[in-house]
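Just follow the structure's listing: the first ligand is 1, and inside any ligand the first atom is 1. In this chain, residues are counted from 1 in sequence order.
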Amino acid sequence: MSRRKLVVGNWKMNGMREHLDEVEAIGDLAAAHPAVEVGLCLPATLIMAGSQKRGAAFIGAQNCHMDMSGAYTGSLSAEMLAEAGATWVITGHSERREARGETNADIAAKALAAKAAGLKVILCVGESLDVRDAGDAEAVVSAQLLASLPEGAAADWLAVAYEPIWAIGTGRIPTMEAVETMHAALRAALATRIGAEADEMRILYGGSMNGANAAELLAIADVDGGLIGGASLTAEKFAPIIEAADARVTAAV
Ligand code: PGA
């Protein structure tokens with residue numbers, strides 16, 4: 001088992017051309033830490049320009065349509081995103097599950113479309129605060145993962161991101177014990193579907209990860225990286241997270 005640490009920024013609906021300097025600086029950080037796989041999921045409007053400035057980082061998209069073409073006003077296909085320069089795409093982010101009503105089946109279909117276009121996928125799952133408080137989080141999120149996992153999911157094209165909804169953008173994170181328990185539960189759930197391949201699949205933590213808490217989160221056995229919103233918008237904020245991931249690699253050698 002060797003799971004390369006994966007640290008991915010999710011810029012959400014942030015970023016104009018003037019922020020391409022940050023993309024470039026983050027690309028330089030990626031080059032300085034080759035042991036870590038670093039990427040930025042940009043708004044679609046910046047994917048093409050960002051791809052020119054990405055250095056050693058990869059560029060991803062934040063969503064794709066499940067069909068490759070058609071009468072879907074305002075949507076973008078995986079093929080279009082790949083042509084623009086994306087090599088990864090996020091599917092199933094809670095901001096889309098909740099606000100756009102995306103179902104587990106939609107998310108699995110989007111992941112398959114992404115794979116068909118040659119994109120790698122970060123598949124997001126996570127519980128609401130009500131579910132967490134009810135003590136059902138592991139069971140609910142494991143079921144969500146299995147229901148949104150596409151056919152043929154494999155570690156060379158798909159990573160999972162566990163993002164407790166109540167931790168996103170709030171500055172709150174679960175206890176380290178809760179993260180450890182959840183990640184172990186998700187890996188066990190994956191094993192029921194994909195067997196030994198589950199040991200190779202990266203499971204990222206997301207939700208208010210930042211320079212101050214990354215080292216502790218990334219030290220947890222089944223945490224293979226992070227999906228980072230706010231703290232990925234500048235190279236200055238993102239750098240300590242990438243450095244913390246690299247330090248784990250060094251510690252493991
Ligand atoms: P956050 O966002 O790091 O700003 O909490 C994470 C995400 O939504 O992917």
Task: Modelled atom types, side-chain donor and acceptor of Lys110 and Asn63, under 3.5 Å - done: yes
Task: Distance from atom 7 (C) of ligand 1 to nearest protein heavy atom, with residue and atom - done: Glu163 OE2, 3.2 Å
Open item on the list: Just to be sure I read this right, does ligand 1 sit under 4.0 Å from the backbone of Asn10, its side chain, both, or neither, counting only heavy atoms?
Closed with: side chain
TODO: Would you mind checking which non-hydrogen protein atom is closest to atom 2 (O) of ligand 1, with the distance to 0.1 Å?
DONE: Lys12 NZ, 3.3 Å
- [ ] Please lay out, stage by stage, how Asp246 and His33 fare under the test side-chain hydrogen bond (donor to acceptor under 3.5 Å, both in side chains).
- [x] CA-CA 7 Å; Asp246 202 354; His33 298 279; 2.6 Å; yes
- [ ] Give yes if a backbone or side-chain nitrogen or oxygen of Gly206 is under 3.5 Å from a nitrogen or oxygen of ligand 1, and no if not.
- [x] no
Open item on the list: I'd like to know if Arg202 pairs up with Glu37 as an ion pair, taking the criterion as any Lys NZ or Arg NE/NH1/NH2 lying under 4.0 Å from an Asp or Glu carboxylate oxygen.
Closed with: yes
Open item on the list: Whether Arg97 and Glu102 form a salt bridge (side-chain N of Lys/Arg under 4.0 Å from carboxylate O of Asp/Glu) is what I want to check.
Closed with: no
- [ ] Output the list of atoms in ligand 1 that are nearer than 4.0 Å to some heavy atom of His93, sorted by atom number.
- [x] 7 (C), 8 (O), 9 (O)
Open item on the list: Show the atoms of ligand 1 that are less than 4.0 angstrom away from any heavy atom in Leu227.
Closed with: 6 (C), 9 (O)
Open item on the list: Need the ligand 1 atom indices (1-based, order shown) with element for anything under 4.0 Å from a heavy-atom of Gly207.
Closed with: 5 (O)
Open item on the list: Is the ring pair Trp88/Phe58 parallel, tilted or perpendicular, if the boundaries are 30 and 60 degrees?
Closed with: parallel
Open item on the list: If you measure every N or O of Ala231 against every N or O of ligand 1, does any of those distances drop under 3.5 Å?
Closed with: no
Task: Nearest-neighbour protein heavy atom for atom 3 (O) of ligand 1, which is reported as residue plus atom name and distance - done: Gly229 N, 2.8 Å
Task: Salt bridge Arg187-Asp224, side-chain N to carboxylate O under 4.0 Å - done: yes
Open item on the list: Tell me the protein heavy atom at minimum distance from atom 4 (O) of ligand 1, and give that distance in Å.
Closed with: Gly230 N, 2.9 Å
Task: Spatial distance of atom CG (Asp199) from atom CZ (Arg3) [nearest 0.5 Å] - done: 6.5 Å
Open item on the list: Would you say Trp11 and Gln62 are linked by a side-chain donor-acceptor pair, where the criterion is simply a distance under 3.5 Å?
Closed with: no
Open item on the list: For ligand 1, which is the ligand I care about here, please tell me if Thr170 has any N or O atom under 3.5 Å from one of the ligand's N or O atoms.
Closed with: no
